[in-house]
Amino acid sequence: MFFLRSRALSLLFLFAGVWVFTIACDLTNPLEGIRAILNTKVRTTPVTILFTDTQTQNVIESPVFVEITGPNASDIIDLFNEARTEFVSDKGFVSFAIRDEIVPDSLNPIRFTVKATLPEYFEASVSIKLTEPRSTPIEISLLRQSDAFDDVIVGPIEDGVIPNDITLVTAPDPFSGTIASVLIKGGTKIETASGIPLDGSLRYSFVLFSNANANNLKSFPGGLSADVTNQNGDIQTVFFSTGGFFRLVLRDDSGRIAATLSEPALVRMEMANGTLTNTGTIAEAGQTVPIWSLPADASTGTWTFEGDATIGISEGSFLEASFETDHFSWWNAAWTSPVCSQGTVIRILNNNIRLRGLLFREANQSYMATFLSNHSDDLLAASRIRLRDVPAEIPAYIELYDIRNDLITTLSIPNPCSQQPIELDLGFLDTITILFRGVGFCRNRPNAEIRPSFPAWYKPATGGTWVPAGDVENGELEITLPGPDIYSFGGYYDSQFYEYTFDLSQASDGDIFEGEVDIPEQYCEQL
């Protein structure tokens with residue numbers, strides 16, 4: 001058994017300054033000679049979101065402003081048990097929870113939308129549906145936008161009116177060679193969302209995101225499983241088989257952003273060769289494809305059906321969807337499939353190693369979603385990955401990676417909505433399982449032990465990627481690591497991510513690390 005110095009137990013007590021606000025007072029009678037145990041509250045359904053850069057796959061360390069809206073936004077609490085719907089990430093992380101008395105299930109899911117904004121990145125709104133009471137880790141990938149707008153395209157304009165026809169064109173997509181264009185007719189009046197006409201010279205930023213690029217699909221606004229307002233005006237969750245998507249930003253010299261057009265503009269969007277429909281067939285000229293829009297500021301994660309576009313052949317010999325629009329937004333040409341909120345469970349047997357799974361479409365190896373493993377209540381499984389909001393109609397496979405970004409294995413998933421678990425035995429891996437255990441003490445309360453509870457994450461000290469370490473519960477965390485090494489551990493509380501590094505290069509399977517920490521006096525006084 002190992003005994004760590006107090007400073008090395010910072011992981012277990014990195015939230016010493018906030019425990020006193022979350023204590024569930026499980027106290028015995030504090031008479032002389034009797035020890036009182038103060039366990040911090042273990043939240044029923046904690047949620048931690050990891051924000052990553054789509055292109056680099058690195059954690060976004062700049063602060064991300066997070067706003068939570070939607071049906072169950074009023075049921076969101078911070079880890080202090082205070083109602084809260086606005087957070088700021090730190091080093092790529094934000095954590096919160098659902099009210100403890102609420103137990104989500106498949107018949108009574110918790111639904112909310114996470115809107116993420118920060119300079120230099122496109123805004124993102126992701127609809128979340130929780131169907132089980134457990135710690136849920138979610139990765140949201142954000143796409144960096146260019147600050148550079150093209151040179152002046154027209155001007156000056158008077159009272160927002162375009163004097164002559166203008167055609168805006170994207171650069172060819174580097175993976176597929178496809179482009180998109182928008183023709184705005186002369187005489188069209190362009191205004192902001194509040195009805196203010198644009199004035200002076202106009203500049204634009206116009207980017208097409210082809211479905212041929214996996215990184216584009218990872219950053220699809222709201223995720224490929226998204227809420228939509230369908231043809232009947234009803235809200236439903238669907239999976240998009242997208243032919244591509246784009247966003248056009250048009251602004252004047254004063255920085256005013258165009259929102260509406262008095263006359264419809266003609267949009268032409270090329271689609272990559274081999275684009276698949278929701279049925280798995282290759283799209284062809286003469287077919288139709290549904291067109292969807294999303295507010296340009298991603299104020300909601302719900303896409304709206306705009307109509308069907310007929311597919312033709314472009315001048316560049318690509319398939320091309322053509323349609324008209326009278327507003328600026330995100331635009332998406334995509335077929336849809338119904339989804340299940342609770343999909344297949346991958347049960348990791350005999351090994352508590354935490355993995356990151358990338359789900360791909362079997363037919364063309366296109367990216368579908370990212371899932372992170374969490375704790376399993378199943379006696380036969382140590383950890384598990386639950387697929388959420390996935391289509392039943394699209395055969396898939398999942399690549400499983402460890403924290404060093406090494407591919408562990410690939411699993412076929414013929415039906416992502418199957419309720420038959422997939423069992424994965426990783427007992428052959430060279431791993432070690434260790435236990436962290438610790439308590440905090442106050443000098444003014446020598447007979448009281450304080451044992452913290454919070455969601456924790458870990459990664460190699462250099463390289464690799466963050467994955468959930470599990471929940472520290474009442475001062476204990478058992479964790480399986482891919483061999484001895486130097487690791488970083490951390491967790492998010494009250495807009496701050498606390499991170500500490502441990503040298504476990506000499507650790508062995510079954511080791512226990514334990515110790516005691518003095519709680520700062522100013523917090524002890526509040527007990």
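These numbers were taken from a predicted model, which means no experiment stands behind them.
- No donor-acceptor pair closer than 3.5 Å links the side chain of E393 to the backbone N or O of G280.
- Between T480 and T433, the shortest heavy-atom distance links the atoms OG1-OG1, 2.8 Å.
- Here the side chain of T344 pairs a donor or acceptor atom with the backbone of S418 at under 3.5 angstrom.
- Taking the side chain as every heavy atom from C-beta outward, T131 and R386 never approach each other to under 4.5 Å.
- For the atom pair CZ (R43) and CG (D471), the distance works out to 12.0 Å, reported to the nearest 0.5 Å.
- In this structure, R354 and P468 approach most closely via the heavy-atom pair CG-O, 2.9 Å.
- Under the ring-ring contact (aromatic ring centres under 6.0 Å, His included) rule, W330 has a single partner from F240, F246, F209, which is F209.
- Not one N or O on the side chain of N232 forms a donor-acceptor pair closer than 3.5 Å with the backbone of D234.
- Partner W466 forms a ring-ring contact (aromatic ring centres under 6.0 Å, His included) with one of Y492, W457, F93, F51 and no other, that one being F93.
- Counting only distance, with no hydrogens or angles, the side chain of D90 and the backbone of F497 share a donor-acceptor pair below 3.5 Å.
- A parallel orientation is assigned to the rings of Y458 and F489, their planes being inclined by less than 30° (bins at 30° and 60°).
- Donor-acceptor pairing under 3.5 Å is recorded for the side chains of S329 and W331.
- For the residue pair T54 and S141, a side-chain donor N or O sits within less than 3.5 Å of a side-chain acceptor on the partner.
- Distance check: I77 CD1 to F96 CZ gives 10.5 Å after rounding to the nearest 0.5 Å.
- With hydrogens and angles left out, the side-chain atoms of S241 and R361 include a donor and acceptor closer than 3.5 Å.
- Looking at Y121 and D53, their side chains do bring a donor and an acceptor atom within 3.5 Å of each other.
- Nearest approach of F112 to V114, heavy atoms of both residues: CE1-CG2, 3.8 Å.
- In summary, the side chains of E139 and T370 do not present any donor paired with an acceptor at a separation below 3.5 Å, with no hydrogens or angles considered.
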Derivation of the side-chain contact (heavy atoms from CB on, under 4.5 Å) call for H327 and S293: CA-CA 9 Å; H327 61 279; S293 70; 3.7 Å; yes

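- For residues 336-375, every residue pair satisfying the disulfide (SG to SG under 2.5 Å) rule, not counting sequence neighbours, is listed here: C340-C417.
- Between L118 and P63 there is no side-chain heavy-atom pair separated by less than 4.5 Å.
- Rounded to the nearest 0.5 angstrom, Q57 CD and N215 CG are separated by 5.5 Å.
- Looking at T113 and I128, their side chains never come closer than 4.5 Å, going by heavy atoms from C-beta outward.
- Taking CG from D78 and CZ from R84, the interatomic distance works out to 5.5 Å, rounded to the nearest 0.5 Å.
- A donor-acceptor pair shorter than 3.5 Å cannot be found between the side chains of N211 and T242.
- The structure places CG of L424 at 6.5 Å from CG of L400, a figure rounded to the nearest 0.5 Å.
- Ring geometry, F220 versus F245: the interplanar angle exceeds 60°, so the pair is classed perpendicular (tilted spans 30 to 60°).
- With ring centers used as reference points, F513 lies under 6.0 Å from F436.
- Neither side chain, D389 nor S341, offers a donor N or O lying under 3.5 Å from an acceptor on the other.
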Stepwise side-chain contact (heavy atoms from CB on, under 4.5 Å) check, L426 with L355: CA-CA 11 Å; L426 295 177; L355 301 175; 3.8 Å; yes

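- Of all non-hydrogen atoms in P416 and L387, the two that sit nearest each other are O-CD1, 4.0 Å.
- Distance alone, capped at 3.5 Å, places no donor-acceptor pair between the D485 side chain and the Y487 backbone.
- Ion pairing of E132 with R134 is present here, as a side-chain N (NZ or NE/NH1/NH2) and a carboxylate O approach within less than 4.0 Å.
- Interatomic distance, CG of L50 versus OG1 of T52, reported as 6.0 Å (0.5 Å rounding).
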